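For clarity, every value in this text was computed on a predicted model and none was experimentally measured.
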Amino acid sequence: MTTNSSKYNITVIGAPGVGKSAITLRLLYQEFVDDYEPTKLDSYQTMMDYQGQDVDVQITDTAGQEDYASVRDTFLRSGEGFLCVFSLTDSDSYSHIEELYNQVKLAKSMEPPQLPFLIVGNKSDLESSRQTKTEDAQRFAESLGVKYMETSAKNNENVTEAFQFLIGMLVESRSAETAPIESNTGKKKKKKNGGIKRFLCGLA
Amino acid sequence: MRGPSPIPVPVDASGQPLGRYYLMSPSPVPSNSTSSSSPNSLSPGYLGSPRRFSLIPLTPDIRAISPCNRAVTPSDWSNQPSSVTPSEIVLHPYLNDLSDSERQWVLMEHSRSVSTASLGSLTDALSPEFLNGGDLPPIQFNEKEDFGSLAECNMIGSCSADPSGRMCVSIACCRVPKNTADWDRLLRFGLVQLDKICDNDYSLVYFHHGYEKLNKPSWKWLITCYRSFDRKFKKNIKAFYIVHPSTKLKMVFRFMKPLVSIRAHSKIVYCQRLSELAQYVMLDRLDIPQEVRVHDKNLRARSVDNMTNTTGLGNNGKSDIPAFSFQPGFMRVFGGCLSDTDTVPLVVTDCIQYLSLPKNLREEGLFRRCGNASELKVIKECYNTGQYIDLSNYCPHTIAAALKTYLRELSTPLLTFEAYPTVSSWTDFAEDKQISLCKKLLENIPPVHYSCLRLLILFLNKVISSSAQNLMTSQNLSIVIGPNLTWSRHTITTLADINNINSFTQFLIDRPQLFDRQVERDRGASPSASVTS
């Protein structure tokens, strides 16, 4: 088993009260935390297993409120993979997805399939008060070119899978990035010529 | 191994690169465009995106570079000038050596392509200062330098006027001191001002109006400027709005276009009117010089005249009702200023009255959950245009979001900018000092701000009294309300600042007695104190 020293960053976004923190804490501590406290911003480090490899993952749990938009935007830019959560029992949070998706796209200036972005419908345990149909969400995700999953932080359904999926995308995109240039050192490869590109961008 | 190869740079015997290099877009140099004297030196190399840039070594016989990166040699001038498409010709430093007639040719071709034949800027651009600018060292700055009068002329302002929460820097041309002699000092001042802001994403608004009146900066200085702004300035800039651009200014930018990447160029937004700028930033928060406003008004008056004289259709088809208006009697509610009125605004009393209904107070996650975005838009629109709206048709979460949005979009925050330094370091103060500090703070805010805040805090206490159902404790409420009560005009609000603001908010919510009648009487008559629901 080899250890990959580089760190992957996953940012959890979504409307307020959809269970972003619940999903994150379920993954990290294997328990359902039902504290009712809005998140401002929390960051966690953990090790995850991806195909027999230990990968270092940093998970950023953000605030859903627009009141924290300024703080969140900084993290959209530094984030690599995005877990975009909505609540199956709250259609307003579902309609919020598209706006978030556009913000991420803008912040990263990337689009799927390169952009590691996953839409997650949480609270699948509350089937009786469901407001968004699986097929609708599935179709919407396809129209954006991203994957869709349904989770329950309470019953621990699909939570690890969702994160695993993003890790998979991140590991692959990074190895695709470094492979053709054949890094001899095996260390983190900095993006080539980024400086020059930025230099040119800055001219205007 | 495939993929981008290192850039082949010809070197001399000592390993020093030969000649100067020039980055070009969009396609690699065809090898047949080389002059016969240096066949090897024109091997295309790639920089950045492989498709976009190629490298052309500058040899003395290349005089300009055509859009397809063909190097233009003197023989092109004499033989068949039309073989070069001049639309995007870029001149390179060796242009210094051109004879007058050759220079004339380039100017002619270039002006033909840009059609607006203001050759002044081009001739300026071709001056030796500009072309030799590459050797100018960046200027260093010292944070502690005292700029005296420069600091007082307000020519660089910053505020959080961008709807996405970015900092917005405004530079007003008309406020640059009229007889500036020490341009370097001006530059150092600018660098000091911008240094902190540019650690994060920011947008830049530049008011070009008033440019003619000053003594113009030299090209040399502009180049120094460009070189002095280091990477973070360039990397973090998200948008560059140029308000009231002159034809000349646009020409200069067009002239530079081939030098910069497509992405960089797309960041530039020209705004002919302030109303166009209003689509991107919140004008009320921006410090717009009076002269610029007047200029804009004149421009608008002129265009209205033109419209009535001609067919009656606006030239760009847009409606002439600007998002931002100077007409008296028209008052924006959302994004407006609280001090414009004497009483607590209708939107605040309406929202609070509706949310105070017992069934709404019991709603889980009141003020935490997001409302319906499209409904929120309708509500904003109704208040801004003065239409009647029955809030009972809407979900309480949307109304709570409307109230928060109203507070967040005020041009002066509810607790005022002056309170920010105290509030953003709230937990640094000892507990026994906090009460007196808070009282003092409440005494100093304008009466209407005070009445509004009082109403809000008393209402939030009602929300807390139902916290068994709505799960909103004073701590939870302070987290979602706090950031909307104050923010800084000059700096980005960090998470640590927000934590302090939230503690202060919780402090207020937990002590409604601070807003007792007694306190109110001490600070004199307060209008609309009767507005409690």
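- Each of B:Leu204, B:Leu407, B:Leu495, B:Thr398 has some count of heavy-atom pairs under 4.5 Å with chain A, and the biggest count is that of B:Leu495.
- Interface with chain B: from residues 22-40 of chain A, residues A:Tyr36, A:Glu37, A:Pro38, A:Lys40 qualify, criterion being any non-hydrogen pair under 4.5 Å.
- Close approach to chain A, defined as a heavy atom under 4.5 Å from one of its heavy atoms, is seen in B:Glu364, B:Gly365, B:Arg368, B:Arg369, B:Cys370, B:Gly371, B:Asn372 of residues 362-375 of chain B, taken by number.
- Applying the salt bridge (charged side-chain N to carboxylate O under 4.0 Å, His left out) definition to pairs two or more places apart or across chains, those involving residues 61-70 of chain A are A:Glu66-A:Arg72, A:Asp67-B:Lys404, A:Asp67-B:Arg408.
- Here A:Asp92 is the residue among A:Asp92, A:Leu41, A:Val18, A:Val71 with the most heavy-atom pairs under 4.5 Å with chain B.
- Residue-level contacts of residues 140-162 of chain A with chain B do not occur; threshold 4.5 Å between heavy atoms.
- Side chain of A:Tyr68 to main chain of B:Val480: no donor-acceptor pair is present (N/O by atom type, distance under 3.5 Å, no hydrogens or angles).
- Interface summary for chain A: among B:Asn502, B:Thr405, B:Ile481, the most heavy-atom pairs under 4.5 angstrom belong to B:Asn502.
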